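Reading through the structure tokens given below for one structure.
Note that the structure is a prediction, hence the values are computed from the model and not measured.
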Amino acid sequence: MMTAEQVLELVELLTARGLDVWVDGGWGVDALVGRQTREHGDLDLGVARPHLQTVVKVLDEVGYAVTDERFVRVTVQLTHFEGHRVDLHPSTPVAGGGTEQTDFDGNTYYIPPPAHGHIGGEPVRCMPLETQLRTHQGYNLRPKDHHDLDLLRGLG
């Protein structure tokens with residue numbers, strides 16, 4: 001499991017080095033809601049593509065190893081020696097703010113600049129509500145996805 005404390009430590013580690021990352025996925029939903037609503041097996045992080053290799057290097061320094069980079073345009077998975085995971089979702093910064101992310105079909109879509117949320121009472125940058133809603137489409141939803149969508153719809 002990935003705890004709130006681990007999330008905050010990793011986000012602080014990366015942002016203290018000037019790396020452009022934001023919380024995505026289930027922890028991103030909880031950040032928007034402002035409280036932890038379920039257990040999380042991993043941490044999804046959006047990362048500005050120019051910072052991707054540096055983020056991977058920094059995570060390697062604290063015990064994470066790349067375990068799946070087959071889809072490096074879309075995601076890079078790293079696993080800690082204790083078993084928890086970080087999934088990096090790189091996207092390319094665009095003029096005027098925000099980024100463009102590539103999906104598994106090769107399509108790109110715009111992601112607005114990160115929103116502000118809270119994990120464990122601490123402020124974090126996170127995936128905006130409208131993007132969180134969009135990323136919960138196009139696949140068979142699991143129970144945790146339904147849980148997250150119910151929370152997101154309650155914010156809208």
Side-chain angles (χ1 to χ4, degrees), residues 1-17 19-33 36-93 98-115 117 119-120 122 124-149 151-152:
M1 290 289 114
M2 179 69 73
T3 67
E5 292 78 17
Q6 290 167 318
V7 170
L8 292 171
E9 286 174 11
L10 289 174
V11 169
E12 172 61 24
L13 173 70
L14 296 168
T15 58
R17 296 196 185 194
L19 299 170
D20 190 5
V21 298
W22 54 94
V23 182
D24 192 0
W27 274 113
V29 171
D30 281 358
L32 288 171
V33 172
Q36 185 173 351
T37 65
R38 63 175 177 86
E39 290 187 342
H40 300 277
D42 67 355
L43 169 63
D44 292 282
L45 285 176
V47 57
R49 188 172 299 282
H51 295 170
L52 179 62
Q53 291 308 316
T54 306
V55 169
V56 169
K57 181 178 180 274
V58 170
L59 291 175
D60 178 72
E61 292 170 3
V62 294
Y64 288 85
V66 173
T67 49
D68 190 349
E69 61 180 349
R70 292 174 295 157
F71 308 105
V72 71
R73 292 175 323 150
V74 181
T75 186
V76 176
Q77 182 184 89
L78 298 97
T79 304
H80 192 269
F81 64 85
E82 293 176 349
H84 46 271
R85 248 185 25 246
V86 174
D87 294 335
L88 302 176
H89 303 282
S91 56
T92 304
T99 60
E100 283 187 343
Q101 190 169 41
T102 304
D103 66 19
F104 285 104
D105 296 322
N107 303 308
T108 59
Y109 59 92
Y110 175 72
I111 300 173
I119 295 174
E122 297 294 324
V124 295
R125 295 180 340 133
C126 58
M127 185 71 77
L129 173 62
E130 60 270 19
T131 307
Q132 278 280 10
L133 288 167
R134 186 178 66 238
T135 61
H136 281 83
Q137 298 173 4
Y139 64 97
N140 291 326
L141 298 176
R142 303 158 293 185
K144 67 181 181 179
D145 299 316
H146 286 289
H147 167 86
D148 291 349
L149 271 174
L151 291 169
L152 293 169

Do [X] and [Y] come close enough that some side-chain heavy atom pair is under 4.5 Å?
X: M1; Y: H84; result: no
X: V55; Y: L19; result: yes
X: E100; Y: Y109; result: no
X: F81; Y: V62; result: no

Sole residue of [options] in side chain to side chain contact (heavy atoms under 4.5 Å, CB included) with [X]:
X: L88; options: V21, L59, L43; value: L59
X: C126; options: T131, L32, V11, L45; value: L32
X: V29; options: D145, L151, D24; value: L151

Working to the nearest 0.5 Å, report the span between [atom1] of [X] and [atom2] of [Y].
X: D148; Y: T37; atom1: CG; atom2: OG1; value: 6.0 Å
X: W22; Y: H89; atom1: CH2; atom2: NE2; value: 11.0 Å
X: R17; Y: H51; atom1: CZ; atom2: NE2; value: 13.5 Å
X: W27; Y: T3; atom1: CH2; atom2: OG1; value: 7.0 Å
X: H147; Y: R142; atom1: NE2; atom2: CZ; value: 12.5 Å
X: D44; Y: M2; atom1: CG; atom2: CE; value: 9.5 Å

Could you tell me whether the side chain of [X] and the main chain of [Y] form a donor-acceptor pair under 3.5 Å?
X: H80; Y: E82; answer: yes
X: D103; Y: D105; answer: yes
X: R125; Y: A115; answer: no

Nearest heavy-atom pair of [X] and [Y]: which atoms, and what distance?
X: P93; Y: R49; answer: CD-N, 4.4 Å
X: L141; Y: H136; answer: CD2-O, 3.5 Å
X: A31; Y: I119; answer: CB-CG1, 3.9 Å
X: P112; Y: P128; answer: O-CG, 3.7 Å

When you look at R134 and E130, which way does the salt bridge (charged side-chain N to carboxylate O under 4.0 Å, His left out) test go after all the steps? CA-CA 6 Å; R134 186 178 66 238; E130 60 270 19; over 6 Å; no
When you look at R38 and D30, which way does the salt bridge (charged side-chain N to carboxylate O under 4.0 Å, His left out) test go after all the steps? CA-CA 8 Å; R38 63 175 177 86; D30 281 358; 5.7 Å; no
Side chain to side chain contact (heavy atoms under 4.5 Å, CB included), that's the test. Do D87 and V76 meet it? Break it down for me. CA-CA 6 Å; D87 294 335; V76 176; over 6 Å; no
Would you check if there is a donor-acceptor pair between the side chains of T67 and Q77 at a distance under 3.5 Å?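 Yes, a side-chain donor-acceptor pair sits under 3.5 Å.
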Test T79 against Y64 for side chain to side chain contact (heavy atoms under 4.5 Å, CB included), laying out the working first. CA-CA 5 Å; T79 304; Y64 288 85; 5.8 Å; no
